[in-house]
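What follows is a short report on a single structure.
Predicted, not measured: the structure shown is a model, and the values here were computed from it.
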Amino acid sequence: MRVAVLGGGVAGMSAAHELAERGFEVDVYERQPVYVGGKARSVEVPDTGTDNRPNLPGEHGFRFFPGFYKHVTDTMKRIPFKDNKQGVFDNLVASRRVLLARFGRPPLPAIVNFPKSLADLKTILQDLSQADTGLTHSDIHLFANSLWRILTSSYERRQQVYERMSWWQFMQTDEQRHRDGIGPNAPFPYEIYCVGGLTHSLVAAQPKLMSIKTGGDILLQLLLLTANPEAHTDRILNGPTNEVWLNPWLQHLTGKLGVRFHQHCYVKRFDCDPFSRQITAAYVCYEEKEAEQRVEADYYVAAVPVERMAQLINPHMLAVDGTLNFIKKLAAPATHALNWMNGIQYYLNVDVPLTPGHVICLDSPWALTGISQAQFWPQYPLSGYGDGQIKGLISIDVSNWFEKGLNGKTAADCQLPEVAKEVWEQLKKSLVQADGTSLLTDAMLVRYHIDSDIEPGTEHVLPPPIRSPFAASHNTEPLLVNTANSWSLRPESFCGIENLFLASDYVRTNTDLATMEGANEAARRAVNGIIAASGSSAPLCQIWPMHEPDVLAVLRWRDRQRFAKGLPWVDVLEGWPTRLLHEANYWWHRARGVR
C-alpha cells in the first residue's frame, strides 16, 4: 500500500520512518529545495566557506531536548550514526546550568538537574543567598501554591477548566502587582520570574494568551525532571543539527527504508470524493515548474503546518467532515494561535561560553533566549567552517517580535540589519559582569545570520491584531502556540475522510505543545490510524503519556471525584507544601539578618 506524506519536517519524516519500517511504500513531498526537518533544520550561511571549508552553520533557531521527550528520542535511537550504539540519540549531551540574565545586573546561574556535585550545591546556595530577584514572600507563596494546585488537579479538570483560562489569569498577575504595590508601568519581578519567563523561553507565547493546561503541564514536567536524580532536564545536540541528526535520518529513510523524497515540491490542493469519503488525488507543484502533478496513493498524511493545511481544505472535504473547518478557525488571526519564534546567530572571533547550558534574558523586551554552541561541539570546531577565523557562536531565539525594543520599534517592524543590531544590544545589556561591564563587546562580533524565514519588505499574511498588516518583515513559518481554549479547535490525527490523516504539531497529543516531540507523537498517531484503516497486521506505534508522581495520584483521584460532582478544587492538604516553602524561605532570610 502506498502512502503519500505531504511535508518533510519532523512530523513528515517521523511518519515516513514508522510507515516504511512496517512495510508501506512511502513518498514524501517537501517544499524546501535543500533541507529537511522543517523548523528543526540547521542551514548553511551562503558564500561563507573558503579553502574547501563548508559554509558556516546557521539555524532556524536553536533547539533542546527536555528529559520528558519520549517519542522523538525513541525514533532517534533507530537512526544509525557511525559507531553509536543508540544511533543519533547518542549525539545528545546534557547541559548542566541555565543562566538567568538580567538588564544591568550579573546573571544568576541555576542548576537544571538534580544536584550531583559540590559545584551544584554551591550554585544552589549562591542562588538562595545572592539572588536579589525582588520577589516577595507573597510572590513565592503564590507561585508555589499555583504549581501545587496544578499538580494535584485531576486531568479532567485541567482539560475542561484550565484549558479555558489564560496563564496570566491563573497566576493572578494583575492582582499580585496590586498587592505588591507595583505601578502599572514599573518592572514587576513576579511577572518577570514566575509568569513571563516560562512562556517566552519555551514557546513564542504571550502569558495573557497561553492556556493554563499547556503552561502548567510543561513547567511541572521540567521541575519534576530537576527533582529526579536519574534524569537530564535539558539535552543538546553535539554538532550542527543537519550533520548529527537530519542528514543521517534522510540517508536512512531513502537508503535502507526505501522512502522516496521529492524536494522543492509542495502540495497545492486535494481532490475529494464526498460519496466515497476518500481523497482521490493530491496535486503537487515543483517550485521550478508551474505545472501541477497528480499524486495518487492509498493513504495521505498531511504533515504541513496549520496555516498551510487551512488553505488546502476545500468544500468537498468539508462536505465529508465539517469539523475540518475548525482548522481554518485555528489558523485565523482572531485566535492569536500563530506567533513568531525565529533565530539569529552571532559569529565571534573568540569563544564566549557564557554557561554550560541555555541563557534566558528575563527582562529583554524581545524575550531572548540563547546558547553558546562551541562548548557542545568539540568534534565540530567552528574553525573548520567559513574562513577558519570563527571561534564562537551564540545562537539566539527571538520570541516576542511585537514588543517595542530598546530602539523603540518592534522586531517585525525592523529591517533585518536593525533586528541584528537591536538583539545584540539587548544581549550586551543582559550579560553583564560584577563590575557592570558586558561579557560581549562589539570587537568580538564578526557577522550574523538571521533565519531565512524572515523575509524583508513584504505584507504579513497572518498579522496579530495589535499591529498593521504592513511592516518591514514577514515570517513564512510562524509557530503555533497553545492559546486558551484552542484545544476545541484542534483535530485528532484522523478525520471523516477515511484515507486522510493529520500529522503536525497542531494535532491533539499528550505533548500538547508545538515541539519536535509533539510533531513526532502526532505522526505516530497518524500511522496508527493508517494501520487500523488498512487492516495491516503491523504493530502500532508506541504512544507515551506525560509522567507525574505516583505519590500524588490519590490527590488527583480525589479531585476527579470532586470535579465529577461539579465542585471546585480544594487543597486537601491545607497548603502545607507551600507553607513549608514559605517558612523555609523566611528562616533562611532571618538567619542572614534580613526581615
With a 4.0 Å cut-off, would you call R525 and E521 a salt bridge? yes

Do the side-chain N and O atoms of W487 and N482 include a donor-acceptor pair separated by under 3.5 angstrom? no

Can we say E418 and K421 salt-bridge, meaning some charged N sits less than 4.0 Å from an Asp/Glu carboxylate O? no

Could you tell me whether the side chains of Q176 and D139 share a donor-acceptor contact shorter than 3.5 Å? yes

When you measure from the side chain of S438 to the backbone N and O of K429, does any donor-acceptor pair fall under 3.5 Å? no

Would you check if there is a donor-acceptor pair between the side chains of D435 and T437 at a distance under 3.5 Å? yes

My understanding is that only residues two or more places apart in sequence, or in another chain, count here; which of them pass salt bridge (charged side-chain N to carboxylate O under 4.0 Å, His left out) with D363? none

Before you tell me yes or no, could you show the steps for W167 and L219 under side-chain contact (heavy atoms from CB on, under 4.5 Å), namely the whole-Å CA-CA distance, both residues' side-chain angles and the distance that decides it to 0.1 Å? CA-CA 11 Å; W167 179 251; L219 178 57; 4.1 Å; yes

For T335 and L330, indicate whether the former's side chain and the latter's backbone hold a donor-acceptor pair under 3.5 Å. yes

Could you verify whether a donor N or O on one side chain and an acceptor N or O on the other, from T214 and D512, lie under 3.5 Å apart? yes

Where do W401 and N339 land on the side-chain contact (heavy atoms from CB on, under 4.5 Å) test, with the steps shown first? CA-CA 8 Å; W401 289 75; N339 215 315; 5.6 Å; no

Tell me yes or no: between the side chains of R524 and T75, is some donor less than 3.5 Å from an acceptor? yes

Excluding sequence neighbours, so at least two apart, what forms side-chain hydrogen bond (donor to acceptor under 3.5 Å, both in side chains) with R177? E191

Scan side-chain atoms only and decide if R558 and Q561 contain a donor-acceptor pair under the 3.5 Å cut-off. no

Just so I know, are the side chains of W544 and N510 near enough to count as touching, which here means a heavy-atom distance under 4.5 Å? no

Walk me through it: do F65 and W245 pass the test ring-ring contact (aromatic ring centres under 6.0 Å, His included)? CA-CA 13 Å; F65 296 77; W245 178 26; 5.7 Å; yes

Applying salt bridge (charged side-chain N to carboxylate O under 4.0 Å, His left out) to R158 and not counting sequence neighbours gives D217, E548

So, N91 side chain and V244 main chain: donor-acceptor pair closer than 3.5 Å or not? yes

Where the side chain of E403 meets the backbone of W366, is there a donor-acceptor pair that is under 3.5 Å apart? no

Which residues satisfy the salt bridge (charged side-chain N to carboxylate O under 4.0 Å, His left out) test with R105, sequence neighbours excluded? D132

Non-neighbouring partners of E59 that pass salt bridge (charged side-chain N to carboxylate O under 4.0 Å, His left out), sequence neighbours left out: R63

Of all residues at least two apart in sequence or in a different chain, which pass the side chain to side chain contact (heavy atoms under 4.5 Å, CB included) check with Q160? E156, F563

